[in-house]
J.: 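I'd like to ask you about the structure that follows.
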Amino acid sequence: MPIYLYNTLSRKKEIFETIEPDKVRMYVCGPTVYDACHIGHARSVVFFDVLARYLRARGFEVIYVRNFTDVDDKIIQKAQKTGTSCKEIAEKFIREFYEDMDALKVERATFEPRATEYIPDIIKLVQALIDKGHAYPLDGDVYFSVERFSGYGKLSGRKLDDMEAGARVNVDVRKRNPFDFALWKASKPGEPEWDSPWGKGRPGWHIECSAMSSALLGDSIDIHGGGQDLTFPHHENEIAQSEAVFEKIFVRYWVHNGFVNINSEKMSKSLGNFLLIKDVLKSYHPEVVRLFLLSSHYRSPIDFSDKTMDESRAALDKIYAVLSRLEDRFGINPPELPQQSGDLWKRFCDAMDDDLNTARGIGMVFESVRTLNRFLDTSETSMPEDTAAAILATWADLRSIGRILGVFSESTEQYAADSKRLGIHNTMVDPAWVEQMIADRTAARKAREWQKADDIRKQLETMNVILEDRPEGTLWRMG
RNA sequence: GGCGGCAUAGCCAAGUGGUAAGGCAACGGUCUGCAAAACCGUUAUACAUCAGUUCGAAUCUGAUUGCCGCCUCCA
């Protein structure tokens, strides 16, 4: 069964075929480190994390590069505004990136290079572009000449003529074409700078990705990814640079994820609705965030709101609940890494093979949750051996899927404890007090004082504490 | 002005030519002292509108309407 991937370049789903059998070279544009990461970064990083995990599960060796752009206009601005150095700014936000993404259980990429570590490669590329007549120096800057590259616009579906008609571009009369973009920028006093054949300066935006991609993965790679907004101009310009120099297809599959809206509005600094990952994680379990992000197809826009997040939390609770029942009943533990083998895994793969349709895959998870609960309900004491085997196979598949999505991948105890901690944090209830109330209620129930017992239940309910009477005692959790 | 995307039940969301997955919410039921959880049942003759292709379309084509994104830094 082949894997299909939507390719922005052809605007179609295509059968995924790698340059080298069983080996995937993948480059994903990482952040420009001048600010904290928001939920939109999380979507992109989580999605490509899942893509890498899935390709590995399907037997590919995946060489995954995710860069940091640590030299850029915005970093310089930030440094000047805060009175610190660019290096400090970059270091700070790289550190924060790791804190956020580690919390979201994002696996490390194979290589995580920084632009400033590749200055010699960048200079070499720029020089090669000049030598081939694709770029020209100008007062210490170097510009790429878009008119000299015939494929310019093929990714974003634009023609230079059309763009000139309506674009609002700062017209720099020195440039040969308004869309010529900087490969190298002469540095102003106080800016980061490196020696180059064109004087002291720093790389422009775009060239660092071409340089790091070719240095680490070669001139042609399988997948290049990023947010939809990077299609133009960033990726368009990368193609122009790399193909002009290497005269080969730069990337076979261009993969772009959609945006996250906040309460149906575009997330933007002017609207003041930027949601930082670290803030979201104060209220929601990391796996809830991942499940939310993966519940829609990666190319569709998704809407972040309390409602959609609460639904994801309810959904995740439900999955953990059945896992807990199952693992208690059969005395199994997640560390006993299961071998996926069953029908559920197969159908999950069918969904994932279809352009990483995580939404469909998650739907299948819920179908199996109901099936499992049904079996557990109808056979409290015993069940035929083949039924038990089928249930165990489904359990193994569930846990395997959890490891691909990075969701329901914890022990049920850990998840319950973390959820409770978050709930307590959000509502400020005192666990000791809750325990005391439960003890009082248990006493009342023993004495058959139902009215008193129910009053306690109701009182706790108003504080969002839900009680569950089990044979072994009363459990509580945050609703 | 140019380019692209999307419109499926109260809400979220699959479906990519063969007769509408799943989640949440709601209602009824089983279970329970009462609940919670779980399970069962009910909830779109119908997929923005109109026309066309086809034995057959949510799925293909054209038009219309409405949203949205990009064209400037942005995941």
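Here is how names work: the chains are called A, B, and so on, in the same order as the sequence lines, proteins then strands, and each is numbered from 1. Predicted, not measured: the structure shown is a model, and the values here were computed from it.
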J.: Any N or O donor-acceptor pair under 3.5 Å from the base of B:G69 to the side chain of A:Gln228?
T.: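 Absent.
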J.: Please state the P separation for the pair B:U43 and B:C6 - nearest whole angstrom.
T.: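 It works out to 31 Å between them.
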J.: Considering just the side-chain nitrogens and oxygens of A:Arg370, establish if one lies under 4.0 Å of OP1 or OP2 belonging to B:G23.
T.: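 Result: yes.
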J.: So A:Leu230, base contact, sugar-phosphate only, or nothing? Heavy-atom distance under 4.0 Å.
T.: sugar-phosphate
J.: Could you tell me how the ring of A:Tyr152 sits relative to the ring of A:Phe232: parallel (under 30°), tilted (30 to 60°) or perpendicular (over 60°)?
T.: perpendicular
J.: Go through the side-chain N and O atoms of A:Gln451 and A:Asp455 and say whether any donor and acceptor fall under 3.5 Å apart.
T.: yes
J.: What nucleic acid atoms does A:Lys318 come within less than 4.0 Å of, heavy atoms only: base, sugar-phosphate, or nothing?
T.: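 Counting heavy atoms under 4.0 Å across all strands, the contact made by A:Lys318 is with sugar-phosphate only.
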J.: Side chain of A:Lys266 only, please: which of B:G69, B:G33, B:G4 is the nearest?
T.: B:G69
J.: Is there ring stacking between A:Trp450 and B:G33, where the centres must be under 5.5 angstrom apart and the planes under 30 degrees?
T.: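 Yes; by the centre-distance and plane-angle rule, A:Trp450 counts as stacking on B:G33.
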J.: Report yes or no: does A:Glu112 contribute a side-chain atom to a donor-acceptor pair with the main-chain N or O of A:Arg66 at less than 3.5 Å?
T.: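 Judged by distance alone, no pair lies under 3.5 Å.
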J.: Base of B:C31, side chain of A:Asp377 - is there a donor-acceptor contact under 3.5 Å?
T.: no
J.: Measure the distance between the ring centre of A:Phe259 and the centre of the six-membered base ring of B:G69, then answer whether it is under 5.5 Å with planes under 30°.
T.: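 One would not call A:Phe259 stacked on the B:G69 base.
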J.: Any N or O donor-acceptor pair linking the side chain of A:Asn357 to the base of B:G15 at under 3.5 Å?
T.: no
J.: Under 4.0 Å between a side-chain N/O of A:Asn373 and OP1 or OP2 of B:C39, yes or no?
T.: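 For B:C39, OP1/OP2 do have a side-chain N/O of A:Asn373 under 4.0 Å.
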J.: Determine yes or no for a side-chain-to-main-chain donor-acceptor pair under 3.5 angstrom, with A:Asn357 supplying the side chain and A:Arg360 the backbone.
T.: yes
J.: Any base atoms under 4.0 Å from A:Gly40, or only sugar-phosphate, or nothing? Heavy atoms, all strands.
T.: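 Counting heavy atoms under 4.0 Å across all strands, the contact made by A:Gly40 includes a base.
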J.: Ignoring hydrogens and angles, answer whether the base of B:C34 and the side-chain atoms of A:Arg457 contain a donor-acceptor pair closer than 3.5 Å.
T.: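 Check passes, donor-acceptor contact within cut-off.
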